[in-house]
Amino acid sequence: MDGDNKAGETATTVNNLPVTEEALKFPERSSDKQDLAKGKKKEVANSVPFHKLFLFADSTDYALMFIGAITAVGSGISFPLMTLILGDLVDTFGGTVDTTKVVHAVSMVALEYVYLALGSGVAAVLQVVCWNITGERQAARIRCLYLKAILRQDVAFFDIESRTGEVVERLSADTVIIQGVLTEKVGKFMQLVSTFLGGFVIAFVKGWLLALVLMSSIPCIVIASGMMTIFLGKLMTRGQAAYIEAANVVEQTVGSIRTVASFTGERQAISKFDESLDTAYLSGVKEGLAAGLGAGIYMLVLYNSYALAVWFGGRMILHKNYTAGEAINVIIAVLTGSISLGQASPCLTAFAAGQVAACKIYETLNRIPEIDSFNPKGRKLDDINGDVELRDVYFSYPSRPNELIFNGLHLTVPSGTTTALVGYSGSGKSTVISLIERFYDPQAGEVLIDHINLKDFQLRWIRSRIGLVSQEPVLFASSIKENIAYGKDGATLEEIKAAAELSNAAKFIDSLPQGLDTLVGVHGTQMSGGQKQRIAIARAIVKNPKILLLDEATSALDVESERTVQEALDRLMVSRTTLVVAHRLSTVKNADTIAVIYKGNIVERGSNSELLQDPKGAYSQLVKLQRIGRVPEQQVATLQDIPDSSTTNSERHPRQQISEIGTISTRLSETSINDSHSLTGRLGVPSSTIVSDKATADTPSDKLEKFTLRRLAYLNKPEIPVLIVGFLAALANGIILPTFGLLFSSIIKTFYESGHKLQKDSEFWALMFVGLGVASFVAMPLRTYCFAVAGCKLIRRLRLMCFEKVIHMEISWFDKLENSSGAIGARLSADASAVKGIVGDALGFLVQIAATAIAGLVIGFQASWQLSTVLLVMLPLVGLNGYFQIKSFVGFHAKSKKLYEDASQFANDAVGSIRTVSSFCAEDKIVQLYKKKSEGPLRAGIRQGFITGSGIGISMFLLFSVYATCFYAGARFLEAGKIKVPEIFQVFFGLTMTAVGISQSGALAPDTGKAKSAAASIFALLDQKSLIESRDDNGITVENMKGDIEFQHVNFVYPTRPDFFVFRDFCLIIPCGQTVALVGESGSGKSTVISLSQRFYDPDSGNITIDGINIQDFKLKWLRQQMGLVSQEPVLFNDSIKFNIAYGMEGNATDAEILAAAKLANAHNFISALQQGYDTRVGERGIQLSGGQKQRVAIARAILKNPKILLLDEATSALDSESEKVVQEALDKIMAERRTTTVVVAHRLSTVKNADLIVVVKNGLVEEKGKHEELMNVKDGIYSFLVSCSSAC
């Protein structure tokens, strides 16, 4: 306790609840030897010590647990006290000869039952309430700390050890297991142990010799329970590991749904998901069999113990002068204690599961990363000048340690200057930025800022001085305002607006109906590439950094926006140290120094003019490759004058804006309307206005709770033979319990016999108990095994059906926040598992309870219909109470489950964007937002604890009240001569077993409640109809598609932004075999043409035809197989390069075909240079490859498909000049040879000048179209202006 108190004294506050410093401190690494020892220890241990589950309890939790422990003990002792009263009743009935006096004597004893009922009821309420509240509080704290610990890890951890799907699975499933231990099982265990100890104390007081003999059964029970617990713990570990793999498949597939849909990869995804479910299924079946064997052995030992008790109890009455009441008291007290010890076995199983679930979570909590953003140690200066130097750096990625990226790299970036890094894709340019951000540390050499080793700085402080705009901008599923505000804590609205203005984002933001409060969608899917990039630039601008890192910061912008943004960035770079990674050389010609990197070394450096003096130099060659076709010299000269004068005139104003960002104050009078408007969409929580009416109508809370058992049973139809066997075994189990009651009542009668008859009858009944034990040993394993098979197959089937349903939904369905990859992953994980509570063990248990109730009633009514009728009137009170518990639980669980899905998705986004989170030091902000999203489930859980606790307390009160009524009524009937003493006990034990069965149904309430809510949620998902059904085999297929595409008067809005028209009366003809290029500003609708062509969405009006046939008439899967897509931000799966390329032919490509496609895409050389070649894993979302390498793999994937229509959405945007030229030639060759209809979306106009038709799109309309030469001759034309801007830049 001293240690606990000390921990409590040095508590830190997280989630508004104190947490021990132990979880958050930053221990020093003493030596490599110690690290190695720790590593070995972790390999051996797969669970944490039990006391560690309470590591995050605070003083309030300790108080709640103390009260909960005391009341659990009180609740547990009530059962041994009940045996005392029962013993007195037996003696009272047996010892009272005058039946006229029996009522008074029994009334006095029965009154003791009423007192016991009151005490046990109050204790049960406090026990459940206290443990439920503290469990909810501690579980919420563990969730927040786990997310915080994950965000604390270095980037290498995510490259090697952890995946996003695993994090979501641990947050949504593993923490629920731990919560189950803390809320229910610990208190239950204390209650059962106190019952065990109390029973033996009373037994030894009443008859020590008989108690001592009966103690021989305890070791057998303990050994059986212990072995079962250990075995189950191992099986649970395997099962959890198996489903984590499935969770990763869900996260990857749903997170990349556009790529999956485009390449008709649904079948591959389903197959992979199906495979990952096999291990979990087998583990579940073995788990059920092990549990059944353990319970069977336990019941065999228990009933044999009763046999011993009856046989030896008879001898004690004959030879030691025990009364029948004392013998019964000792037998029931000892065996009630033994039963409690056996009932503690599921608690021990839950403890084992909780310890296993906590192991990986706590391992992450205790993991101190080498690069620790939470470490408060390190140098913090007043400010930095911004001198950056990489000195003799050797580096290889942790996931590929044998592939050296840098071999003695030396780079100096003086303070206040701009250095541009250029070179081929994969040469190491982006790696330089990763090292300066300290995402990784070099294996040798130093990274210096102001001549101080980067490792010596406090990591968070130095990152706060560095601004990053990465190659593929990452946005969070919240509003534009919130995304920009990530750049700076406490950013004001005016600072956000100023940053948006400077990044040229203000214009498009103002055009949106909700302005800054517009939600960007999951991964920013509701924004175009250029819009996302400008928001990312604004986020970096608001940070006002000393060092600016731009990794292809303008790659996704159209030429006009690029020019404006580049000017803003140029002004921003003044007096800042700037490092620019660029393939588009026009953006870096004004840099102070340009460094050409080749194979991890700098081969050339100097200014633009200096490097161009060597016509054979590496830089000169890159420039030549990138030059656009001829532009009249006069036009270029004129345009070159314009930016100079505009820069001169406007230079002061933007710089003032930048300097004012740090000091500007909020003007509420001007912004109050906008600010209030933003509250609903502010933290990524969807407001009522964002969710469409249709989405709301799909899953109303009333419908969620109304599901039929018939439908679940139908899904389990293939397992009917197994279920029938399980039902028969459950019936046998059910009959055993009332049979036990009948036998026990007969024993009481036997104990009042004398001499030889007592000895003979006690031996007979002892043999009957042995027979019951054997029957239980056979029936229990059979029941649990059969229902485990049926339940696990149902879970597997439901998960597969839900996954199959999800990935065939239309793309607009995934645009909604509630259908994000994190939320769907949580539902597939938790909901399908919860359904087992109905069809698995619980269904067998309910059948058993029904058999018990029927058999009990038959035994009771056969003995005395009058007394049975009296008791039968009272039994519904217990049943009604259990019903209300279940109903209340379903309601609260349905509401809290949805909120946890939102929190899981938020965590999923944060972990999937770890580089962005780390770069902007947003870890604490993410944790606070996650905590806010978890507050709803926390409150709901606490409230439900009060309701459940009250229900169980009343249930306990009613149970003991029924006992009192039974004996009092029995005494009255005895007095009236309508019943005999043995019949009273026969009715009592027969109907008591029925009452026990009903109370067990109350104990099942949490599982049944979750299962009902989960089943309703699953059916709501399965019942949704996809607006664009890719599984539909109906539709037209043609032998030879030509590829004539026509948009006829198309009107279109995105479903999540119904007030914003993307197209109004849009008309476009794309002739077959021709290349049509779409150019224009970001957000003008270019990428939407591609989305509509693939039927990701359907137009609101108008038609889209291919070869004169409406695309809605084609078989959708076939249609998409005719198209090859290379998107703006290529999505690769966390598998090998070979797998990703073969994905283009649904995984059926030969090695020769893969090799040919890679060569055509100019990817073969870099793949071959990798140590594992085509078997190299690309990492989550392709993070192990550079942007250009990812793009080339994506192009190879599309080429392999041999499409009739090729859709290139900025397909070469991430390539260096030389790679772009080769890939462009390859694409041109494919288009020419195969006469492929090609639609190209491009901002880089040099890539489309040879297109057959260039279409200029502006505000959702075609403004100009024609060949390059034709459009260049249009006076004041938009295209000629864009080309001029590109040349001038």
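The structure presented is a predicted model; accordingly, all values stated were derived computationally and were not measured.
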Non-hydrogen side-chain atoms of [X] and [Y] separated by less than 4.5 Å:
X	Y	answer
Ser918	Phe439	yes
Phe1133	Val1178	no
Ser434	Val155	no
Ser373	Glu923	yes
Ile436	Leu390	yes
Ile462	Ile547	no
Val393	Glu446	no
Met65	Phe54	yes

Which heavy atom of [X] sits nearest a heavy atom of [Y], and at what distance?
X	Y	result
Asp551	Ser430	OD2-OG, 2.9 Å
Leu468	Glu437	CB-OE2, 3.4 Å
Gly354	Val181	CA-CG2, 4.0 Å
Cys792	Tyr281	CB-CD1, 3.5 Å
Cys144	Val927	O-CG1, 4.2 Å
Gln127	Ala72	OE1-CA, 3.6 Å

Report yes if the distance between the aromatic ring centroids of Phe189 and Phe50 is under 6.0 Å, otherwise no. no
Using the six-membered ring wherever Trp is involved, compare the ring planes of Tyr397 and Tyr440 and label them parallel, tilted or perpendicular (cut-offs 30° and 60°).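 Correct class here is perpendicular.
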For the pair Phe457 and Leu381, evaluate side chain to side chain contact (heavy atoms under 4.5 Å, CB included) and give the outcome as yes or no after the intermediate values. CA-CA 9 Å; Phe457 286 106; Leu381 311 177; 3.8 Å; yes
For the pair [X] (side chain) and [Y] (backbone), establish whether a donor and an acceptor sit closer than 3.5 Å, ignoring hydrogens and angles.
X	Y	value
Thr253	Val250	no
Lys380	Gln458	no
Thr71	Ile67	yes
Ser396	Pro401	yes
Arg141	Phe56	yes
Tyr362	Lys52	yes

Contacts satisfying salt bridge (Lys or Arg N to Asp or Glu O under 4.0 Å) that involve residues 394-406 (not counting sequence neighbours) are Arg400-Glu403
Mind checking side-chain hydrogen bond (donor to acceptor under 3.5 Å, both in side chains) for Lys272 and listing every partner two or more places apart, or none if nothing turns up?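 Lys272: side-chain hydrogen bond (donor to acceptor under 3.5 Å, both in side chains) contacts with Asp1135.
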As an exercise, state the distance from [atom1] of [X] to [atom2] of [Y], rounded to the nearest 0.5 Å.
X	Y	atom1	atom2	result
Arg367	Asp154	CZ	CG	5.0 Å
Gln1172	Ser1136	CD	OG	10.0 Å
Cys921	Arg463	SG	CZ	6.5 Å
Asn483	Ser478	CG	OG	4.0 Å
Tyr930	Tyr146	OH	OH	10.5 Å
Leu145	Leu147	CG	CG	9.5 Å

With a distance cut-off below 6.0 Å to the six-membered ring centre and an angular limit of 45° from the axis, does [X] pair with [Y] as a cation-pi contact?
X	Y	value
Lys185	Phe351	no
Arg460	Phe374	yes
Lys925	Tyr486	yes

Is it true that Asp61 and Arg137 have a side-chain N and a carboxylate O under 4.0 angstrom from each other?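 Salt bridge flag = yes for Arg137 with Asp61.
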Test side chain to side chain contact (heavy atoms under 4.5 Å, CB included) applied to Phe273 and Arg799, step by step: CA-CA 9 Å; Phe273 186 68; Arg799 280 177 171 160; 4.0 Å; yes
Determine, stepwise, if the pair Leu459 / Ile371 fulfils side chain to side chain contact (heavy atoms under 4.5 Å, CB included). CA-CA 8 Å; Leu459 186 55; Ile371 303 171; 3.4 Å; yes
Asn132 and Thr183: side-chain donor and acceptor closer than 3.5 Å?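 There is no such pair (donor and acceptor under 3.5 Å, judged by atom type) between the side chains of Asn132 and Thr183.
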Candidate pair Asp372 and Lys377, rule salt bridge (charged side-chain N to carboxylate O under 4.0 Å, His left out), full reasoning: CA-CA 10 Å; Asp372 188 1; Lys377 295 180 181 178; over 6 Å; no
Which one of Val48, Ile178, Ile150 satisfies the side-chain contact (heavy atoms from CB on, under 4.5 Å) criterion with Ile361?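 Among Val48, Ile178, Ile150, the one that satisfies the side-chain contact (heavy atoms from CB on, under 4.5 Å) with Ile361 is Ile178.
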Would you check, one step at a time, whether the test side chain to side chain contact (heavy atoms under 4.5 Å, CB included) holds for Asp441 with Lys455? CA-CA 8 Å; Asp441 281 338; Lys455 295 180 183 179; 3.6 Å; yes
